[in-house]
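Keep in mind that the numbers below use all heavy atoms, side chains included, and drop hydrogens, waters and symmetry copies.
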Amino acid sequence: QVQLVESGGGLVQPGGSLRLSCAASGSIFSIAGMAWYRQAPGKERELVARVTSGGDTKYSDSVKGRFTISRDNAKNTVYLQMSSLKPVDTAVYYCNAGVYTSYHSSSYADYWGQGTQVTVSS
């Protein structure tokens, strides 16, 4: 089994910064893509940013230039540095990872963290 544990959420004023972390643990052979999603009240979950195992990144238009995703493969951890935060960024942020639990390609599965609340408000 694989667990993803997020940390770093909280309350921040508009224009402020926060750094989210997500550590994967358990029966991990290798991790492919890692990503951050968010879900605001009454809205669908949306992709915020993703990073491949090789470090290629992709961002949603709404956060491009303000958020930075990175990963530490040695620690099985993905980060989301959020700057110039706006009230519209308020949401529960979820970590996602595609994990192989053995060398068999059939062992691949998607895993999710429990979510961490980010609230941007004055």
Self-check item: Selection residues 44-122 - residue pairs positive for disulfide bond (SG atoms under 2.5 Å apart), sequence neighbours left out
Solution: Cys22-Cys95

Quiz prompt | Pair Ser121, Thr119: side-chain N/O donor-acceptor within cut-off below 3.5 Å | solution = no

Quiz item: Taking all atoms of both residues into account, what is the closest heavy-atom pair of Ala91 and Arg38, and its distance?
Solution: CB-CB, 3.9 Å

Quiz prompt | Closest heavy-atom pair and its distance - Gln81, Ser17 | solution = NE2-CB, 4.0 Å

Quiz item: Passes side chain to side chain contact (heavy atoms under 4.5 Å, CB included), Thr101 versus Phe29? Steps please.
Solution: CA-CA 5 Å; Thr101 54; Phe29 178 76; 5.6 Å; no

Practice problem: Taking side-chain hydrogen bond (donor to acceptor under 3.5 Å, both in side chains) as the test, write out the residues that go with Asp56, two or more places apart. | Solution: none

Exercise. Could you list all the disulfide bond (SG atoms under 2.5 Å apart) pairs where at least one residue sits in residues 27-87, not counting sequence neighbours?
Key: none

Quiz item: Linking Ile, Leu, Val, Met, Phe, Trp and Tyr by side-chain heavy atoms under 4.5 Å, what else ends up with Tyr79?
Solution: none

Exercise. Drop me the distance from Leu47's CG to Tyr37's OH, to the nearest 0.5 angstrom.
Key: 4.5 Å

Quiz item: Tell me, which pairs form a disulfide bond (SG atoms under 2.5 Å apart) where one or both residues lie in residues 24-90, sequence neighbours left out?
Solution: none

Quiz prompt | Partner set under side-chain hydrogen bond (donor to acceptor under 3.5 Å, both in side chains) for Thr57, not counting sequence neighbours | solution = none

Self-check item: Apart from Met82 itself, residues in the same hydrophobic cluster as defined by side-chain heavy atoms under 4.5 Å
Solution: Val2, Leu4, Val12, Leu18, Leu20, Ile28, Ile31, Met34, Trp36, Val48, Val51, Tyr59, Val63, Phe67, Ile69, Val78, Leu80, Leu85, Tyr93, Val99, Tyr111, Val118, Val120

Quiz prompt | Gap between atom OG of Ser25 and atom CG of Asn76 - 0.5 Å precision | solution = 8.5 Å

Quiz prompt | Gap between atom CZ of Arg50 and atom OG1 of Thr52 - 0.5 Å precision | solution = 10.0 Å

Self-check item: Under the salt bridge (charged side-chain N to carboxylate O under 4.0 Å, His left out) test, residues paired with Lys64 that sit two or more places apart
Solution: Asp61

Self-check item: ring-ring contact (aromatic ring centres under 6.0 Å, His included) against Tyr108, all qualifying residues, sequence neighbours excluded
Solution: Tyr100

Quiz prompt | Atom pair CD/OG1 of Gln117 and Thr90 - distance to nearest 0.5 Å | solution = 7.0 Å

Self-check item: Test salt bridge (charged side-chain N to carboxylate O under 4.0 Å, His left out) applied to Arg19 - qualifying residues, sequence neighbours left out
Solution: none

Quiz prompt | All pairs passing disulfide bond (SG atoms under 2.5 Å apart) where residues 45-94 contributes a residue, at least two apart | solution = none

Quiz prompt | Qualifying residues under side-chain contact (heavy atoms from CB on, under 4.5 Å), relative to Ser7, sequence neighbours excluded | solution = Ser21

Quiz item: If you take all heavy atoms of Val5 and Gln114, which pair is closest and at what distance?
Solution: CA-OE1, 4.0 Å

